[in-house]
Structure formats: C-alpha cells, structure tokens
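See below for the structure under consideration.
To find a chain, count down the sequence lines: A is the first, B the second, and so on, and within it residues start at 1. Both backbone and side-chain heavy atoms feed into the values below; hydrogens, waters and symmetry mates do not.
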Amino acid sequence: MGLRRFIAEAERLLRSAGVQEPLVQVNRDPGFGEVSSTAAFQLAKSLGRSPKLIAEEIAARIDVSKSDLISAVEAINGYVNFKANWMEYSRVILEEILSSGERYGSSGAGTGKRIIIEHTSVNPNKPLHVGHARNVCIGDTLARLYRFLGYDVLVLNYIDDSGTQMADVILGFMELGYSLDPPAEMRFDEYCGDVVYVESVRRAESDPSLAEKRRQITREIESGSGKAFELNSMIVRRVLMDQLKTCWRLGARYDLLNMESDILAYGLWDEVFEKLRAAGAVYFADSGPKAGCWLLDLSGHPVLSKEGDEVLIKSDGTTTYIARDIAYAAWKLGASSKDFSYEVFGENPDGSRIYATSMSGGARIPISGAVKVINVIDVRQRRPQEIVRYALGLLGLDATKYVHYGYEVVALSRKDAERLGYSPEPSQKVVHMSGRRGLYIKVDQLLNMLRERAMKEVRERHPDWSDDMIFETGEKIAVAALRYALIRQDIDKLIVIDTDEIMRLEGATGPYLQYTYARALRILEKAGSEFSTAPPSEPGEHEKTLLRKMAYLPILLDEFHSSMLIKPIADYAYELASEFNIFYENVPVLRAEHGERAFRLAIVKSFVTVFSIVLDLLGIPRLDFM
RNA sequence: GGGCCCGUAGCUCAGCAUGGAUAGAGCAUCGGCCUUCUAAGCCGGGGGUCGGGGGUUCAAGUCCCCCCGGGCCCGCCA
C-alpha cells in the first residue's frame with residue numbers, strides 16, 4: 001500500500017527515535033513533505049521545552065538510510081517533515097494500483113457483513129421530483145460504496161400504498177370522472193401526480209362531500225377488499241413501475257419493495273406492541289387530551305421528554321405512522337419472529353431481480369444479522385426517526401445499528417418557481433416543492449432538459465455521429481450532471497435548484513469528470529502496450545501531484561467507512577480529474593522519450609483504473625468518447 | 001416557548017468529526033493558450049473582519065459559552 005506504507009514507515013522511524021506518539025498527518029501542502037509529525041508540539045508541553053528544538057532533535061535521531069520510501073527528514077518550526085524517495089515511491093504507488101485493478105482502494109472491511117439501506121420511498125401516487133432524486137442519489141451512492149467495501153448490501157424501497165395520499169388519487173378516478181388512461185405522451189405516474197392528485201386535493205378542499213367520500217375510500221383501501229382496494233392495488237403497481245424507470249435512469253437499483261399494506265397485514269406491529277408493553281415502555285391514557293390512546297413513554301429521553309409522550313395507538317384503535325415505523329424498524333434489525341414472503345416484481349437494468357412483499361408470494365428473503373440499517377430520509381423526519389430509534393432501545397435492541405441518514409431538502413429558486421406558474425411572496429428567497437399543489441420539477445423533466453442541452457453540444461463537436469450515439473451520449477451526460485450536482489453538496493445544506501446553474505456542463509460538474517475520462521482513454525488508445533512503473537528519473541511536479549492524489553483513495557475510503565459521508569468522495573473525484581487535466585496539459589505522454597513515455601503511460605493507465613472506480617462509486621456513467 | 005441545522009470571496013460551496021505551517025474550489029469577471037495526446041480543457045489577475053463577541057490553547061475557520069441572522073421540526077397526518 002503506497003501512502004499507508006509511507007505513513008507506517010514514518011511512524012516506525014519516529015518510534016525508533018523514541019517518539020511514543022508519532023502523530024503523523026498527510027500534508028495538504030506537499031512542499032513540507034508527504035507527511036508530517038506534530039509530536040514535538042505535544043512533547044513540548046510535558047518537557048517544558050521549545051517544540052522547535054525538540055523537532056530538530058527528533059529529526060537528528062532519525063536515520064533514513066534504511067528506508068526505501070523516505071529520502072529525508074527535516075525539522076521546520078516544530079514540525080518533523082518526511083520527504084519521499086520518488087524513484088521508489090512512485091513505483092510502489094503505480095504497482096499497487098495496477099495489481100489491485102478494479103479493487104484498488106477497497107479494504108474489504110465489509111466482507112461477510114450485511115448492511116440494509118432503504119432509500120427512495122416515494123408515495124406511489126406521483127412521479128419523482130428533484131427532491132426525491134437527492135434521496136435516490138444519496139442512497140444509491142451509499143449502496144455502491146458499501147458494496148465496494150465488501151458488504152452484502154440489501155437495498156429496500158418502502159412503498160406507502162395505503163395512506164390518504166392514495167385515497168386522493170382513487171377519489172379522482174372513482175368520483176371525478178378521470179379516465180384510467182393518461183393522455184398521449186404522458187406517463188401514468190405523471191398523470192396521477194400532475195393531474196389527478198392535484199385536482200382531487202383541490203376539489204376535496206372546497207367540497208365536504210368529496211372529503212367524506214375520500215374518508216370512505218381510505219377505509220376501504222385499508223380493509224383489504226372492495227372496489228377501491230382493487231383499484232388502488234392496480235394504480236400502485238402502475239405508478240411504482242413508472243417511478244422505478246426514473247430511478248433506473250438515475251442508475252439506482254433495488255432488492256426489495258416493502259409495501260406498507262403488507263407490513264400491516266403481517267401483523268408485525270402486534271408482536272412489537274406486546275414487547276413494548278412487557279418492557280413497560282407504553283401506557284394507556286385514561287384521561288386527559290390523549291384519553292383512549294396508547295402512548296410511548298418518552299420520559300427517559302433527554303430531549304424528547306420535553307415534548308410529551310408519543311401516540312402509538314389512536315383512540316379509534318388504529319396505529320399511527322410512527323407505531324408502524326417502529327415495528328418495521330424492529331423487523332429490519334431482525335427482531336421479529338415474522339418475515340415477509342415475496343414475489344418477483346421486476347428486474348433491475350443489471351439483471352438482478354426486484355422482489356415485492358406479497359401475501360401469496362413464494363420467495364423467502366430472510367432479513368437478519370445486519371450490522372447496520374441505514375434509512376435515507378430528509379431532515380424533517382429527524383424527530384420521528386429519533387423516536388423510532390429510542391423505541392428500539394426500549395425493546396432491548398441495539399439502536400446504534402439504526403441510522404437515520406438525514407439530508408436537507410431540495411427547494412426551487414424564485415425564478416424556477418415562477419416558471420412553474422407560482423407567484424412567490426416578496427420575502428421568499430426559495431420556494432419549497434409541494435406534491436399536493438403540483439409545485440415541483442420532475443426528475444425526468446429535468447433530465448430531458450439536460451439531455452437536450454448536452455445533445456446540442458455533442459452534435460456540434462461530432463457532426464459525423466449517428467442520432468443514436470448523440471442521444472445515448474446526451475443521456476449519460478444528463479445523468480452525470482444531475483447525480484453529481486445532488487451529491488457534491490453536503491447533506492446538511494439545502495439545495496436550491498436553479499435549472500440554469502444545473503445546466504452548466506463545465507467546472508466542477510459530472511460532465512467535466514466524463515470528459516476527463518474520455519481524454520485519458522484517447523492516450524491509452526493511441527499507445528502500445530509498453531509501460532513501466534519505474535520512473536527513468538525524478539518525476540516532475542505534475543506527475544507527483546497526480547500520483548499523490550491516486551495514492552490517497554484507500555485512505556479516503558477508510559474515512560468514508562467511519563464518517564459515512566459521501567461528499568468527500570465527490571470532491572475527490574473532481575480533484576483527481578483536475579490533477580489529471582493539469583498533467584494532460586503540461587506533460588506530454590505519447591511524444592515523450594522512451595523511458596518517460598513508458599512511465600507516463602503507466603500513470604495514465606493507473607489514472608484510468610482509479611478514476612473508473614471513483615466514477616462507478618458515484619454512479620457517474622463512463623463515456624469512452626465525448 | 002423547546003429542539004435541530006446553516007452562516008467562509010459578488011454568487012454556489014469545501015475545509016470543522018481527529019485544532020497545526022501563507023483559508024481553498026467552481027461560477028461570474030478581466031487577460032492569455034488550439035500546425036503538438038479531445039479547448040466540455042489549461043495558465044494567470046482581481047476579489048476574504050471565516051456572522052459578531054468572549055474563552056480554552058504553544059496554535060482556533062475548526063473546540064467551549066453568549067449573542068445576531070436564516071431555515072426546519074414540535075398533530076389521535078403520513
């Protein structure tokens with residue numbers, strides 16, 4: 001391991017010089033060497049002497065003559081800096097990359113362990129909007145990363161097929177005369193969400209008789225039989241299939257679709273409720289405003305206790321959403337004696353099967369032994385998710401395994417909201433999307449806009465390309481642009497979608513990454529097979545910078561393993577691409593002399609290896625030509 | 001009222017978890033570079049009280065406290 005070996009060697013040298021805590025860090029500014037130790041600052045305190053002198057003493061005691069990677073140790077201002085023997089270090093870096101190939105950077109830390117990731121979970125009554133896309137892209141990227149680390153990753157998509165939002169759509173079909181066939185050129189999910197749902201909500205707001213009909217429909221859906229139930233099942237299936245098309249377009253894949261109606265029917269809740277009672281975690285309210293309800297006792301929670309206990313069973317005997325979520329969460333942790341049976345729902349683009357819960361299906365997919373259960377849900381659900389987590393603890397389960405991966409929502413810029421026909425208040429800087437009001441930008445709509453824009457660029461550059469090739473390239477550029485835009489932002493920051501900004505194809509964007517990849521391929525394509533990991537002479541600065549960046553991937557993935565943050569991976573992808581472009585512009589490869597040429601070709605080949613891995617982890621489609 | 005999150009260049013944001021050497025990108029702007037591996041690129045210029053104030057420390061954008069501004073959450077909805 002290149003960088004890891006370098007760090008280990010620096011630590012070994014420091015220990016040999018009598019430093020017990022080496023405190024080695026990778027330098028941001030390599031002018032101070034590859035790595036540095038701040039041990040002298042720490043020692044200065046206990047020894048009562050100047051860090052500068054201590055560092056000099058440490059450096060003087062280190063003998064680098066036996067080290068093959070480290071060429072010099074220097075003490076500057078209290079730091080002990082380690083410089084690389086680049087003749088050897090560059091060879092080690094390149095050989096590690098080329099011998100590891102597509103596994104480079106994976107520690108295999110997850111081998112034999114299962115992680116459950118649930119994402120998307122969009123109500124099956126409407127098309128996905130850009131806010132949902134953030135969820136999908138975050139969840140899918142997490143799944144890709146954990147899979148790369150060796151985990152057995154199971155991707156779940158929770159389908160709430162029985163709430164009021166479904167009744168709204170059914171009301172439209174049963175009472176407002178909407179045909180089940182969408183107008184030409186309109187997908188079924190768009191028809192349900194853009195037309196039927198919005199209109200139905202609007203009408204029910206002003207017409208109490210419609211609101212009453214909707215309540216009847218809700219009850220009938222939940223009863224498990226009848227016309228509304230049958231209609232609902234069919235609509236859920238059709239909308240879900242369309243939603244999945246959008247998700248697949250974004251590059252996501254799924255293993256299990258868990259239907260809320262089945263979760264209810266399987267009776268997970270009854271078992272969990274008994275356990276909560278046995279644990280003394282719930283109680284029945286005899287009087288007060290919550291009389292007749294069963295409540296979760298939150299008095300032991302440091303923060304939630306201030307807001308009162310949580311209703312789990314309403315006075316009419318039905319469960320609240322949070323009760324069902326607690327039962328479902330317990331199931332994910334493998335704490336339920338019950339398990340679903342599944343039937344094949346469809347197939348992911350990669351050929352793997354997607355299963356859906358089913359009362360009659362024959363497939364059994366046991367959920368057990370997950371070391372972590374990740375739930376990608378926006379920050380507005382932070383409180384309810386914390387309640388779920390707390391309840392898991394009360395059930396005696398290991399709640400630390402249950403992770404609410406919260407992310408901030410996506411909102412519209414004033415300009416885009418106005419384009420959609422909304423008039424923002426003067427004080428409104430951003431406008432939140434709303435499915436009920438039809439105020440949103442659909443994922444497919446945005447991807448289509450991006451594709452048109454990209455196709456125009458492709459056509460200008462490649463007038464000889466076929467229409468199919470232009471279309472396919474445009475599509476991949478569109479996906480790259482959107483995925484990267486949604487992932488490079490930190491999860492706790494609101495994204496204000498500005499379609500003009502997102503249409504940009506230059507700078508720190510997905511298309512920039514794709515372009516860099518295609519450029520690198522051209523060099524390899526024109527080269528022969530001769531390459532050498534041994535530099536003929538001390539590598540130049542541009543070569544070193546690129547090598548350093550490539551050497552960092554294993555450390556980066558270790559950091560992901562503990563931080564779970566995907567943004568640093570997105571940043572790394574841009575930095576790596578940027579370093580390659582600088583190398584590309586400044587360092588000739590094909591035109592170089594024999595030894596240089598072979599060494600630089602090894603660098604380019606290694607870059608393509610590393611960059612392919614990173615693009616795949618982010619779900620950025622690779623393009624051989626652009 | 002209680003809780004959580006955000007505040008760094010004109011704009012969008014990194015850096016904060018594990019404090020370390022002159023605070024980094026992208027966009028925008030100004031100026032360069034295509035007979036040479038794809039210019040969706042590269043090079044350079046200008047642009048900063050890191051929201052404000054205290055504190056801890058050899059060292060604070062990073063840790064602690066207070067304040068200010070903005071967002072979100074607190075339903076017998078989901």
Please list, in numerical order, the residues of residues 42-56 of chain A that have a heavy atom closer than 4.0 Å to any atom of RNA chain B.
Q42(A)
Which ones in residues 512-523 of chain A lie close to RNA chain B, meaning a heavy atom under 4.0 Å from one of its atoms?
Y512(A), Y515(A), A518(A), R519(A), R522(A), I523(A)
Which value, in whole Å, describes the distance between the [atom1] atoms of nucleotides [N] and [M]?
N	M	atom1	value
C67(B)	C30(B)	P	46 Å
C50(B)	U36(B)	C1'	44 Å
U35(B)	C13(B)	P	39 Å
C63(B)	G19(B)	P	9 Å
C11(B)	U49(B)	P	12 Å

Which pairs, with at least one residue in residues 36-45 of chain A and sequence neighbours excluded, count as a side chain to side chain donor-acceptor pair (under 3.5 Å)?
N27(A)-S36(A), S36(A)-N81(A)
Scan for side chain to side chain donor-acceptor pair (under 3.5 Å) pairs involving residues 282-294 of chain A, sequence neighbours excluded, and state none if there are none.
Y283(A)-D309(A)
Assess the side chains of [X] and [Y]: does a donor N or O sit below 3.5 Å from an acceptor N or O?
X	Y	answer
T516(A)	N581(A)	yes
D161(A)	S261(A)	yes
E559(A)	Y572(A)	no

When you match P511(A) and E559(A) each to their closest nucleotide on RNA chain B, which lands nearer the 5' end?
E559(A)
Between N27(A) and Q489(A), name the one whose nearest nucleotide on RNA chain B is closer to the 5' end.
Q489(A)
Can you tell me if [X] uses its side chain to pair, donor with acceptor, with the backbone of [Y] under 3.5 Å?
X	Y	answer
K52(A)	G78(A)	no
E386(A)	V303(A)	no
R414(A)	Q428(A)	yes
H404(A)	I377(A)	yes

Taking the side chain as every heavy atom from C-beta outward, state whether N375(A) and Y402(A) have any atom pair closer than 4.5 Å.
yes
Could you tell me if the side chain of L601(A) sits less than 4.5 Å from the side chain of I523(A), heavy atoms only?
yes
Nearest to the side chain of [X], heavy atoms from C-beta on, is which of [options]?
X	options	result
M626(A)	C6(B), U38(B), G41(B)	U38(B)
V589(A)	U36(B), C37(B), C5(B)	C37(B)
R461(A)	U38(B), G2(B), A40(B)	A40(B)
I582(A)	C42(B), A21(B), A39(B)	C42(B)

Is [X] touching bases, backbone alone, or none of the nucleic acid, heavy atoms closer than 4.0 Å?
X	value
L304(A)	nothing
K567(A)	sugar-phosphate
L590(A)	base
D29(A)	base

Enter the distance from I495(A):CD1 to R488(A):CZ here, rounded to the nearest 0.5 Å.
9.5 Å
Once each nucleotide of nucleotides 24-34 of chain B is scored for protein heavy atoms under 4.0 Å, what B/S/- sequence comes out, 5' to 3'?
-SSS-------
Just by protein heavy atoms under 4.0 Å, how would nucleotides 71-78 of chain B read 5' to 3' in B, S and -?
-SSS-BSB
Quick check with a 6.0 Å cut-off and a 45 degree axis cone: is R519(A) positioned over the face of Y584(A)'s six-membered ring?
yes
Hey, can you tell me if F607(A) and F580(A) have their rings parallel, tilted or perpendicular (30° and 60° cut-offs)?
parallel
Determine if the base of C74(B) is syn or anti; take syn to mean the glycosidic torsion is within 90° of 0.
anti
Has the side chain of N81(A) got a donor or acceptor atom sitting under 3.5 Å from an opposite partner on the base of A21(B)?
yes
Look at the side chain of S36(A) against the base of A21(B) and say whether a donor-acceptor pair falls under 3.5 Å; ignore hydrogens and angles.
yes
Is the distance between the ring centroids of Y512(A) and Y484(A) under 6.0 Å?
no
